[in-house]
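Okay, structure first, notes after.
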Amino acid sequence: MAPLLTPDSMLHGLNAAWQQRSLASVWHPCTQMQRAAAVPPLPIARASGPWLYDHEGRRYFDTSSSWWVNLFGHADPGIVAAIKAQLDELPHVMLAGCTHAPAVELAERLSARTEGELGHLFFASDGASAVEIALKMSVHHWSNCGQPGKREFVCLQGGYHGETLGALAVTDVPVFRSAYAPLLYGGAHLVPSPDARLAQPGEDAAAVAERAAAALEALLAQRHSHIAALIVEPLVQGAAGMAMHHAHYLRRVRALCERYQVHLIADEIAVGFGRTGSFFACQQAGIWPDLLCLSKGITGGFLPLSVVLCRSAIYRAFLSDDVARGFLHSHSYSGNALACRAALAVLDRFEQRDVLGDNARMAAVLDTALAPLAQDPRLQHLRRCGMIWAFDVRAEHAPERFAERLHLVGRAHELLLRPIGRTVYLMPPYLLDQALARWLAERLIGTLNDTLNPAAADYPGAAWPSDADRTPEPPTA
Ligand SMILES: Cc1ncc(COP(=O)(O)O)c(C=O)c1O
């Protein structure tokens, strides 16, 4: 609260001071630091609901829910209270050789959310570490089952699964991957994305999904005895630019994995917890994977936590008198009690309120408010899946350094926006009301118009390299 009560004269310059100190000492993630002088980090003093407040009292709507983690707003009182209560009881204890109520309850309740199909849960901390675990678990499972030759993976074009080496090996975003390519495991096969934007004339989203599934089928038919697992971001490939696909793809993939004895790993790190309109994205296809990775929204955006849920058959394949046949993977903060308690508070919210229903109702309001964008000749592919909206700015209308420019213009419109290349998206926290939804659409449209306005040439980042050097382009059919 303090900055808002401080006289303006005292506030002036506080942002700049924090920016300077930050640039002198903090190496920011996913950032070319040379650019940070032109686009200095927004110094955030506090946050509440969908709003972030800087040190001079200005507010910004967190349109990406802080990298897709925040579900019910910042400093949500229910989650804060749950964490505070846990803090006094048991902040943390190692999960090897010990157990605790928040971890047990969370494992039970998440497993119940899969109708018991995925019976055991392994804890980690970040999304990428959950992906590492799922990949290792799959290969080790096949080895324990007498099939050590099954150790290759299949991943999708444009897929993103995190930045650690194993996760990067199944990621197809060159800007994140290329510098480390020599270090990456080479046994990953890339198959076509079912991205509905790739529709050829006469094709609908289901037809694109079918075409992509047919390519996967051809690979599996030929190579399945060497393939351990396929990893998929169900319904929305986030880092590819909110590439959305038809649920038909997931149904086909499930059947193919069954037929060819290949694990299906669903990476729901970004899309789980209601983001696509159902609690898990896979539910829209009526399928369950063999391994399910969750993170981000799991704690409502409060604390780092990730989990991998697996089928009991996979779990049982590790039971042995031989220690080495067990899954010995670990992280120091696995199953941190504070993070588990925050996750339980998130599950409580889904049980106490009709979160999915409320989101669907507010999504319809935002749809209506954003509808003019569908007619805008500068844009294409306006799309939505649950609580994710996206559109692409046509190349000929995007000014140089479009993403950076939109981000800076957005700040002036009280929006924190972080486009992916020429894809602009909204992934707001689940607390829109009618007025806020309309305000958000109005500010987004205003930001877009100001950004695409060729008269606005005095852009401060003009000296920096183009966005095209670092971010994926929306695909064309
Ligand atoms: C689908 C998906 N998988 C994995 C990750 C990696 O998660 P983390 O950044 O927590 O390591 C992300 C992060 O954006 C993601 O979107």
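Both counts, for ligands and for their atoms, begin at 1 and track the order of listing. For the numbers below, each heavy atom of this structure counts, side chains included, while hydrogens, waters and symmetry mates do not.
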Using the side-chain hydrogen bond (donor to acceptor under 3.5 Å, both in side chains) criterion, which residues pair with Ser65? Sequence neighbours excluded.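 side-chain hydrogen bond (donor to acceptor under 3.5 Å, both in side chains) list for Ser65, sorted by chain: Arg275.
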
Protein residues near ligand 1, heavy-atom distance below 4.0 Å?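 Shell around ligand 1 (4.0 Å, heavy atoms): Trp68, Asp126, Gly127, Ala128, Tyr160, His161, Gly162, Glu233, Asp267, Ile269, Ala270, Lys296.
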
Classify the side-chain pair Ser66/Asp62 by whether it contains a donor and acceptor separated by less than 3.5 Å.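 A pair is found: one side chain offers a donor N or O, the other an acceptor, under 3.5 Å apart.
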
Cut-off 3.5 Å, side chains only: do Asp54 and Tyr60 have a donor facing an acceptor?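 Yes, because at least one side-chain N or O of Asp54 sits under 3.5 Å from a partner of the opposite role on Tyr60.
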
Pairing residues for Thr276 by the side chain to side chain contact (heavy atoms under 4.5 Å, CB included) criterion, not counting sequence neighbours: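 Partners of Thr276 by the side chain to side chain contact (heavy atoms under 4.5 Å, CB included) criterion, ordered by chain and then number, come out as Leu235, Val236, Val271, Ser278, Ala281, Gln284, Cys385.
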
List in chain and number order the residues that pass salt bridge (Lys or Arg N to Asp or Glu O under 4.0 Å) with Arg259, two or more places apart in sequence or in another chain; answer none if no residue qualifies.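 Arg259: salt bridge (Lys or Arg N to Asp or Glu O under 4.0 Å) contacts with Glu217.
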
Can Asp195 and Arg383 be counted as an ion pair, charged N to O under 4.0 angstrom?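 Here Asp195 does not pair with Arg383 in a salt bridge, since their nearest N and O are not under 4.0 Å apart.
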
